[in-house]
There are 2 protein chains.
Amino acid sequence: MLLSIEPDSSVPIYQQIRDRIVEAIATGEAPVGSGLPATRQLAVDLGINFHTVNKGYDLLRQEGLLRIGRKAGAVVQRDATSGPPRPGWEEDWTSRLRTMLAEATAQGLAADEIIGHCQDIVAGFVPVTYDGPAVGEAS
Amino acid sequence: MLLSIEPDSSVPIYQQIRDRIVEAIATGEAPVGSGLPATRQLAVDLGINFHTVNKGYDLLRQEGLLRIGRKAGAVVQRDATSGPPRPGWEEDWTSRLRTMLAEATAQGLAADEIIGHCQDIVAGFVPVTYDGPAVGEAS
DNA sequence: CCACTGTTCTATAAGAGATACATCATAGGG
DNA sequence: CCCTATGATGTATCTCTTATAGAACAGTGG
């Protein structure tokens, strides 16, 4: 897990951490069951405060993508087998996606160009499936 | 132009205003050349401060989607004929889209489901074309 | 005892509102 | 016809609240 942060960006650092990890889950770089770095360790690596990392992890926990425990640290949890997303997630996500696609349309991108971009991006992702041992689970 | 705002949302009000207007441009509800309500008027209608509205309008101006003048107020400007988006826009947009699609993948949505959502949304948009008189232009 | 996470507290910056100022259009009087 | 008054609009400055980021401390399990 190697992620980089832009300290001078307008998006909060904890949001950047959350985004990069979400992308790592989608690309398969952080498969379900794999452990993420400890909050303080990652904070040192990024040169930021560990509380900021903690906030990013907590966001992912609220989204059901992470399980945080003392023993194993942060473990990627969400997959097709761990139940559906929390209620209302799909509506919220669709709404945000709508805004994003509207922006592209307003900027002059044609419909097929937009869909092409989406396909290119999704093609780089792998479906989340859990094929390893129960890392972080009680023995 | 009828737009509603969620005052208790976590996303800033000025961002909501910007998002709703972007969507209105994409759906054709606010075609290029049409005028938006005056900042103070819209602020009264929404029950918020006019400065907040002004900030939302200013965002759209920076994105090249709006032209603000005393005479005609805020006028939708961006279309295919008013030049390309500002440099770096497409890279930034693609990056944000990537995060959004990764989120859906991590939540368990299949690739074809994601693309289907995108197609459904884009199908509700109309290409931005300017077919009216030069509203707000010097005579 | 060591390695982790969780909690509480404190500066700094962003969001939202209130107020005051500058600018332009239009109407009315000279 | 020109000048000025008034209203509308956009712009700038200030203040209050909240969120963000950082620092020190406490709790928990191996």
Side-chain angles (χ1 to χ4, degrees), chain A residues 1 3-21 34-63 65-77 99 134-139, chain B residues 1 3-21 34-77 134-139:
Chain A
M1 168 70 67
L3 52 88
S4 57
I5 296 298
E6 291 185 52
D8 296 339
S9 171
S10 63
V11 314
I13 299 176
Y14 74 93
Q15 184 77 41
Q16 293 185 45
I17 294 175
R18 177 264 181 195
D19 289 347
R20 295 300 88 74
I21 293 176
S34 66
L36 270 55
T39 54
R40 289 166 206 269
Q41 183 60 50
L42 182 56
V44 170
D45 293 348
L46 297 176
I48 60 176
N49 193 284
F50 86 97
H51 192 193
T52 306
V53 177
N54 206 339
K55 198 164 183 178
Y57 279 17
D58 192 64
L59 265 183
L60 292 161
R61 185 184 57 78
Q62 289 179 261
E63 298 180 41
L65 294 172
L66 228 59
R67 208 172 59 85
I68 300 177
R70 294 185 183 283
K71 182 166 51 177
V75 179
V76 179
Q77 180 178 30
T99 300
V135 174
E137 283 293 326
S139 60
Chain B
M1 168 69 66
L3 52 88
S4 58
I5 295 299
E6 291 186 51
D8 295 341
S9 172
S10 63
V11 315
I13 299 177
Y14 73 94
Q15 183 78 40
Q16 293 185 45
I17 293 174
R18 177 266 181 194
D19 290 347
R20 293 301 88 74
I21 293 176
S34 67
L36 271 55
T39 52
R40 284 179 164 85
Q41 183 60 50
L42 183 55
V44 170
D45 294 348
L46 298 176
I48 60 176
N49 193 285
F50 82 96
H51 191 196
T52 306
V53 177
N54 206 336
K55 198 165 183 178
Y57 279 17
D58 192 62
L59 267 183
L60 292 162
R61 184 184 57 79
Q62 289 180 259
E63 298 179 42
L65 294 172
L66 227 59
R67 207 172 60 83
I68 299 177
R70 292 185 183 282
K71 182 165 51 176
V75 178
V76 179
Q77 180 177 31
V135 176
E137 283 293 324
S139 59

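No hydrogens, no waters, no symmetry mates; every other heavy atom, side chains included, goes into these values. Sequence lines set the chain letters: A, B, ... in the order given, protein chains first and strands last, and positions in each chain run from 1.
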Decide yes or no for I21(A) and L65(A): does some side-chain heavy atom of the first lie under 4.5 Å from some side-chain heavy atom of the second? no
Of all nucleotides in DNA chain C with an atom under 4.0 Å from a non-hydrogen atom of chain A, which is the first and which the last going 5' to 3'? dC4(C) to dT8(C)
Toward the 5' end of DNA chain D, which comes first, F50(A) or P12(A), by nearest nucleotide? P12(A)
Please report, rounded to the nearest Å, how far the P atom of dT20(D) is from the CD1 atom of I17(A). 13 Å
Would you say dT20(D) has OP1 or OP2 under 4.0 Å from some side-chain N or O of K55(A)? yes
Would you mind reading off the distance between L46(A) atom CG and dG22(D) atom C1', rounded to a whole angstrom? 15 Å
Decide salt bridge (Lys or Arg N to Asp or Glu O under 4.0 Å) for D58(A) and R61(A); before the verdict, give the C-alpha distance in whole Å, the side-chain angles of both, and the deciding distance to 0.1 Å. CA-CA 5 Å; D58(A) 192 64; R61(A) 185 184 57 78; 2.6 Å; yes
Contact summary for T52(B) and Y14(B), nearest pair of heavy atoms: O-CB, 3.5 Å
Nearest atoms (heavy-atom pairs only) where L66(A) meets V76(A): CD1-CA, 4.0 Å
What is the distance from OH of Y57(B) to P of dG10(D), rounded to the nearest Å? 8 Å
Specify the separation, in whole Å, of atom CG of N54(A) and atom P of dA24(D). 17 Å
Which atom pair, heavy atoms only, marks the closest approach of A43(B) to F50(B)? CB-CA, 3.3 Å
Can you check the N49(B) CG to dG10(D) C1' distance for me, whole Å? 14 Å
For I13(B) and I5(B), work out which heavy atoms get closest and say how close. CG2-CG2, 3.9 Å
Pick base, sugar-phosphate or nothing for Y14(B), based on heavy-atom distances below 4.0 Å to the nucleic acid. sugar-phosphate
Please tell me if T52(A) has a side-chain N or O lying less than 4.0 Å from either OP1 or OP2 of dA21(D). no
Figure out the CZ/P separation between R61(B) and dT11(D), and round it to whole Å. 7 Å
Would you name the heavy atoms of S9(A) and Q16(A) that are closest together and state the gap between them? CB-NE2, 3.4 Å
Mind calculating the distance between CZ (R40(A)) and C1' (dA23(D)) to the nearest angstrom? 11 Å
Round to the nearest Å and state the distance from I68(A) atom CD1 to dG29(D) atom P. 16 Å
